[in-house]
Enquirer: 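Okay, here's the structure, questions in a sec.
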Amino acid sequence: MTLEKDSIRLLQDALEKLDHGFDPLPDFQPQVDNEALRAVLDRVVEQLGDNLPYPHPLYAGQMMKPPHPVARLAYSLALWINPNNHALDGGRASSAMEKEAVAEIATMFGWPTHLGHLCSGGTIANLEALWVAGRLHPGKKTLASSQAHYTHARISEVLGNVFCEIESDAQGKMSIDALWQQLDQGDVGTVVVTLGTTGTGSLDPLPAIIDLKDQYHFRIHVDAAYGGYFTLVDTLDTETRIIFDAIQDADSVVVDPHKHGLQPYGCGCILFRDPAVSTIYQHESPYTYFTSDELHLGEIGLECSRPGASAVALWATQQLLPLQRGGDFSHDLEKSLAAAQTLYQHLYNDDRFLTVQKPELDIVVWGVRAQRASEISQHTRDLFNRAAKADLHLALLELPSRQLSAHWPGVDFDVDNVTCLRSCLIKPEHLDWCNTIWKILDEVSGPHPL
Ligand SMILES: *Cc1c(COP(=O)(O)O)cnc(C)c1O
């Protein structure tokens, strides 16, 4: 058994209660043909079988985390109403829940005031941040590290902003020297600082970048789509703690509740520290339906219609698991971090493998030892396939030889990029399973070299 099925019973009760709210209206009963639905659902189950086992702890590849049961239930319940958080007229209750949940995320980052909302994901959230940044610094460059999410370059293209890539160091962090050289050339409007790169979970040196702001007057946008929630964790390295605390001084931040925040896909969040950026969004259209003076979320977003259900699910999750340091939610993140550190130690102590840096968050990256980089890539791909056959699902990551050479001194780098294994231990259950994961890896890796 892998799927949690008990909690679905609560949905029926909750639906009955929700339905009572409509009692004053004349009776109206939508018709459904349950037999026809059953036949289609059977086919849906068949189709859905063609997936990797994402909810199981032996799926330890990409950043896939099942939504919390309370998020699933609250989302489903909201679908019977299907509110639209574009305007209060389409989703009064769910808009209020969104404002509350988003304010709690702002508080998590140490912001007493903010402007922000949910959106469909990290990409759209970053698009919005870079759109606002471009409006405030028209014609100026946007910088991000070579390990930043690939969408930043594309977003900049869409917006017509000039984009420049800044080199990353051996730890996968933006190189301050390279940044400083770009800043010195002038015309930089925005620096994108990634806190938790998607590949290796590295954090760019935000405090040092903030120190450069006084001299060069750029905006700082923090892309913490994957890493943001780790600010709640008490077991971070001192340096990592200092980096997260510096988010307070950034201009905007993105976090994805659909990555570490236990939400179904379709839930990203953008926050601006200065609420005055709202003036940039002003638009008028004859057909939107802003009928009150209260803030309609569609007045401060790029998207029009948005699922109120996402806000309902996030609100419910944060009611059950408040975004507090020392709480259950943060303890679960600590488990992911501990799982990554445990797996890393196993790999580090074993001469069949080549590790990269110690995980800062919950991603572990390593290769299979060989003389030449091209052989490392080949052996690594073989191991990826053998592990999958043994039901252990990992991910692959290409890293530049430039970044790896400091970690792997004896290797002959005959190619520019090396294929590595990558494991996101994003589920708290991964901590209990990391010895099993290691056992499978040990078995499928074959004997130690002589
Ligand atoms: C996942 C991710 C994104 C993109 O977010 P989506 O929700 O997939 O659109 C952007 N930046 C970082 C650092 C990410 O990890």
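First listed ligand is number 1; within each ligand, the first listed atom is number 1. Count residues from 1 along the sequence.
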Enquirer: Suppose we screen for ring pair (Phe, Tyr, Trp, His ring centres under 6.0 Å). Which residues come up paired with H258, at least two apart in sequence or across chains?
Expert: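 Testing H258 for ring pair (Phe, Tyr, Trp, His ring centres under 6.0 Å), a comparison that skips the adjacent residues, returns Y265.
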
Enquirer: At a 4.0 Å threshold, what atoms of ligand 1 neighbour a non-hydrogen atom of Y226?
Expert: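 Numbered from 1, ligand 1 contributes 15 (O).
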
Enquirer: Using a strict cut-off of 4.0 Å, indicate which atoms of ligand 1 neighbour a heavy atom of A225.
Expert: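 Atoms satisfying the 4.0 Å criterion: 2 (C), 3 (C), 10 (C), 11 (N), 12 (C), 14 (C).
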
Enquirer: Could you list which atoms of ligand 1 come closer than 4.0 Å to a heavy atom of G196?
Expert: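 Close to G196: 13 (C).
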
Enquirer: Checking L404 against F413 for the side chain to side chain contact (heavy atoms under 4.5 Å, CB included) test, could you report, in this order, the C-alpha distance in whole Å, the side-chain angles of both residues, the deciding distance, and whether it holds?
Expert: CA-CA 9 Å; L404 292 168; F413 285 93; 4.0 Å; yes

Enquirer: Will you find, in the side chains of Y216 and D187, an N or O donor that is under 3.5 Å from an N or O acceptor?
Expert: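 No donor-acceptor contact under 3.5 Å links the two side chains.
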
Enquirer: Could you list which atoms of ligand 1 come closer than 4.0 Å to a heavy atom of H258?
Expert: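 Listed by number with element: 7 (O).
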
Enquirer: Return a yes/no value for D223: is any of its N or O atoms, backbone included, closer than 3.5 angstrom to an N or O of ligand 1?
Expert: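 Between D223 and ligand 1 (N or O atoms, distance only) the closest approach is under 3.5 Å.
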
Enquirer: Report, in ascending order of atom number, the atoms of ligand 1 lying under 4.0 Å from any heavy atom of T198.
Expert: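 With T198 as reference, the close atoms of ligand 1 come out as 12 (C), 13 (C), 14 (C), 15 (O).
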
Enquirer: Is the distance between the ring centroids of H137 and F218 under 6.0 Å?
Expert: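 They do not qualify: ring centres at least 6.0 Å apart.
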
Enquirer: Before we go on, tell me: are the rings of F329 and Y229 under 6.0 Å apart, centre to centre?
Expert: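 Aromatic pair counts; centres sit under 6.0 Å.
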
Enquirer: List ligand 1 atoms under 4.0 Å from N126, heavy atoms only on the residue side.
Expert: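 Answer for ligand 1: 10 (C), 11 (N).
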
Enquirer: Under a 4.0 angstrom heavy-atom cut-off, which atoms of ligand 1 come close to T123?
Expert: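 Result: 4 (C), 5 (O), 6 (P), 9 (O).
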
Enquirer: Considering H149, K259, H260, which one's heavy-atom position lies nearest to atom 15 (O) of ligand 1?
Expert: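 Going through H149, K259, H260 one by one, K259 has the nearest heavy atom to atom 15 (O) of ligand 1.
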
Enquirer: May I ask you to list the atoms of ligand 1 that are less than 4.0 angstrom from any heavy atom of G122?
Expert: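 Reading through ligand 1 atom by atom, the close ones are 5 (O), 6 (P), 7 (O), 9 (O).
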
Enquirer: Would you mind telling me if ligand 1 is within reach of the side chain of T151, the backbone, both or neither, using heavy atoms under 4.0 Å?
Expert: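 For T151, there is no contact with ligand 1 at all, from either part.
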
Enquirer: Using a heavy-atom cut-off of under 4.0 Å, does the side chain or the backbone of D256 touch ligand 1, or both, or neither?
Expert: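 It is the side chain that gets close, since no backbone atom is under 4.0 Å.
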
Enquirer: Closest approach of K65 and L262, non-hydrogen atoms and distance?
Expert: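 Heavy atoms of K65 and L262 come nearest at CE-CD2, 3.5 Å.
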
Enquirer: What about F230 and H260, are their ring centers closer than 6.0 Å?
Expert: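 Yes, close enough.
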
Enquirer: With a 6.0 Å cut-off on ring centres, are W433 and H56 close enough?
Expert: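 Centroid separation for W433 and H56: below 6.0 Å.
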
